[in-house]
Amino acid sequence: MLPTSQTSSLDHSKQPGETPISLQPQPSPIFIQRTLSGARPHETLDIRTKSSSSTVSQSISKPYQLSLNFNKRRIIDLTLSDDEDELISGPHKKSRSSSQSTESIVEPLGKSNGAISQVAAGKAIKSHETASASRPFHFASKSTKVREKDSVFPSPYSWGASSPRPTSAVSAVKIGPPQPSPAICRETFLRNLSVLRGVTIVNTLDDSSPPLDFKFIEENVIGKGVHRATDEFMSGCTCRKDNGRQIGCEYLACECLEDSITAKEGKKMFPYSAASKDPGCLRSFYLEGGFHIFECNKKCNCESNCKNRVVQHGRTVPLEIFKTSNRGWGLRCKVNLKTGQFIDTYRGEIITHEEAERRGAKRRRDDQDNYFFDLDRWEDESEGYVCDGMYMGGPTRFMNHSCDSNCRQMTVSYNHADVNIYDLAFFATEPIPAGTELTFDYSASVDEDLDDEDEDVEQSWVISEKKAQELEKRKGYRPSRCLCGAWNCRGYFFT
Ligand SMILES: C[S@@+](CC[C@H](N)C(=O)[O-])C[C@H]1O[C@@H](n2cnc3c(N)ncnc32)[C@H](O)[C@@H]1O
């Protein structure tokens with residue numbers, strides 16, 4: 001889905017299958033308890049519970065109470081009242097209007113956080129087409145009550161008042177594999193997120209959370225068949241120890257800059273500024289040229305405050321994952337950023353190209369997003385590795401594409417002997433006010449791959465559907481309709 005660190009996207013067209021990594025425990029069966037609690041049975045509800053091995057059907061009559069337990073934990077209490085079409089939550093019967101006014105104890109079930117929510121919202125009935133209609137209702141969850149107050153999600157999803165109210169009776173309910181409620185998803189996601197320093201999440205639009213089959217990591221995870229150059233192949237510079245931040249390694253002498261583009265031009269220029277107005281910011285020469293950065297490393301004689309060490313110190317600005325109105329989740333920074341300021345690295349699993357092809361094929365079949373970055377700065381893409389941020393990653397995994405982007409990804413090495421594994425680091429390409437969405441151009445690398453014949457297409461800003469299909473067929477780039485809304489939007493971006 002993402003571009004490559006150097007020149008081209010993965011060619012997804014050749015990929016035969018995926019070996020996904022599952023971070024989620026396998027679901028346990030749902031247990032349904034029911035208590036008949038009235039003397040006027042006049043309506044029957046058919047309930048089916050599904051475990052991995054069997055489907056159990058039950059018919060119970062109303063009025064009744066229903067509890068759903070997931071992993072021995074009660075998650076839903078339902079009471080169907082004597083009223084013809086009233087299904088309400090909690091230990092006591094309440095009228096529909098009073099349940100709506102009850103603080104956060106009554107949380108409406110959201111749109112799509114899994115089968116239980118879907119059943120509650122009547123969606124499962126629709127999707128399985130086993131019932132003609134459902135009843136709107138509310139449910140209470142202990143975790144919702146406790147969590148909602150200190151949640152970072154300021155506006156809980158609101159349900160009920162404006163929702164259409166189906167009229168006919170429930171005739172059947174089908175329950176699929178158990179999924180946590182929105183409140184439990186939020187709680188779980190926040191727990192996952194807590195491993196990161198200085199990253200928050202906010203959703204002012206609905207009650208959804210990012211996927212839970214995802215783990216936050218601060219360091220890349222090395223996959224099977226991937227080999228790193230060991231420290232013994234790492235060499236450091238012999239610069240003076242006490243140069244300090246303002247001077248850093250000695251101009252012209254630092255061996256770490258030996259392989260840099262500036263050394264090839266006869267001078268060794270440090271990538272980062274030491275000026276007091278923008279200390280540590282990437283110099284425009286590097287930022288505009290996209291040149292590879294070689295930072296000093298643990299074998300160097302200089303110290304950790306050397307000015308040739310920025311990305312290796314990690315994220316220093318507070319980032320926020322937020323729900324966008326039309327492109328899923330996005331990322332922004334809570335403070336102003338200067339041109340050239342380092343934001344964060346892209347993290348994920350480092351996998352072989354072969355494995356990436358398998359995963360890519362599966363994602364294409366399932367129409368899922370890809371989170372691949374090719375590590376093909378020097379190597380042919382068939383030999384290099386790929387960084388996959390789908391199952392594990394950092395906050396930059398949530399950065400969206402824009403045709404008028406404000407960030408750029410750069411490649412950064414510490415070990416000159418390792419041409420296959422290096423960092424992908426995002427820098428601001430312009431001053432970015434706090435709260436502005438951080439974006440980069442997914443298709444920038446594709447542009448470089450386009451031949452002359454395609455150039456006019458790129459220049460015309462809007463790529464026709466026909467041309468996009470041609471490119472997909474010919475080069476394997478998958479075009480997606482762009483919703484960046486920029487003045488120069490090309491209409492598509494490539495993944
Ligand atoms: C790396 S993910 C970015 C994070 C993603 N929004 C999420 O919620 O996980 C890339 C996916 O985000 C969406 N996306 C990113 N930029 C977009 C854009 N300009 N227009 C439409 N969709 C976009 C697409 O679904 C794309 O496949």
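Whatever order the structure lists ligands and atoms in, that order sets their numbers, starting from 1. Keep in mind that the numbers below use all heavy atoms, side chains included, and drop hydrogens, waters and symmetry copies.
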Short N or O distance, Ser402 and ligand 1, threshold 3.5 Å exclusive: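 It does not: no N or O of Ser402 is found under 3.5 Å from an N or O of ligand 1.
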Nitrogen or oxygen of Asn400 less than 3.5 angstrom from that of ligand 1: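 Yes; at least one N/O pair falls below 3.5 Å.
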Is it true that [X] and [Y] make a salt bridge, defined as a side-chain N closer than 4.0 Å to a carboxylate O?
X      : Y      : answer
Arg363 : Asp369 : no
Asp441 : Arg490 : yes
Arg359 : Glu354 : no

In ligand 1, which numbered atoms sit nearer than 4.0 Å to a non-hydrogen atom of [X]?
X      : answer
Arg481 : 20 (N), 21 (C)
Phe398 : 4 (C), 9 (O)
Tyr442 : 1 (C), 2 (S), 3 (C), 10 (C), 15 (C)
Met399 : 3 (C)
Tyr371 : 1 (C), 2 (S), 7 (C), 9 (O)
Cys484 : 19 (N)
His401 : 15 (C), 16 (N), 18 (C), 19 (N)

Between the side chains of [X] and [Y], is a donor N or O closer than 3.5 angstrom to an acceptor N or O?
X      : Y      : result
Asn415 : Tyr422 : no
Asp278 : Ser273 : yes
Glu349 : Asn220 : no

Residue-ligand contact Cys482/ligand 1, heavy atom below 4.0 Å: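 True for this residue.
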For atom 7 (C) of ligand 1, the option (of Phe493, Trp329, Tyr346) bearing the nearest heavy atom: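 Ranked by closest heavy atom to atom 7 (C) of ligand 1, first place is Trp329.
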Nearest-option assignment for atom 22 (N) of ligand 1, heavy atoms, candidates Glu437, Lys323, Arg327: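 Considering heavy atoms of Glu437, Lys323, Arg327, the nearest to atom 22 (N) of ligand 1 sits in Arg327.
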Geometric class of the Phe216/Phe214 ring pair [parallel <30°, tilted 30-60°, perpendicular >60°]: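 Taking Phe216 first and then Phe214, their aromatic rings stand perpendicular (interplane angle over 60°).
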Parallel, tilted or perpendicular, as decided by the 30° and 60° cut-offs, for the rings of Phe440 and Phe426: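 It falls in the tilted class, 30° to 60°.
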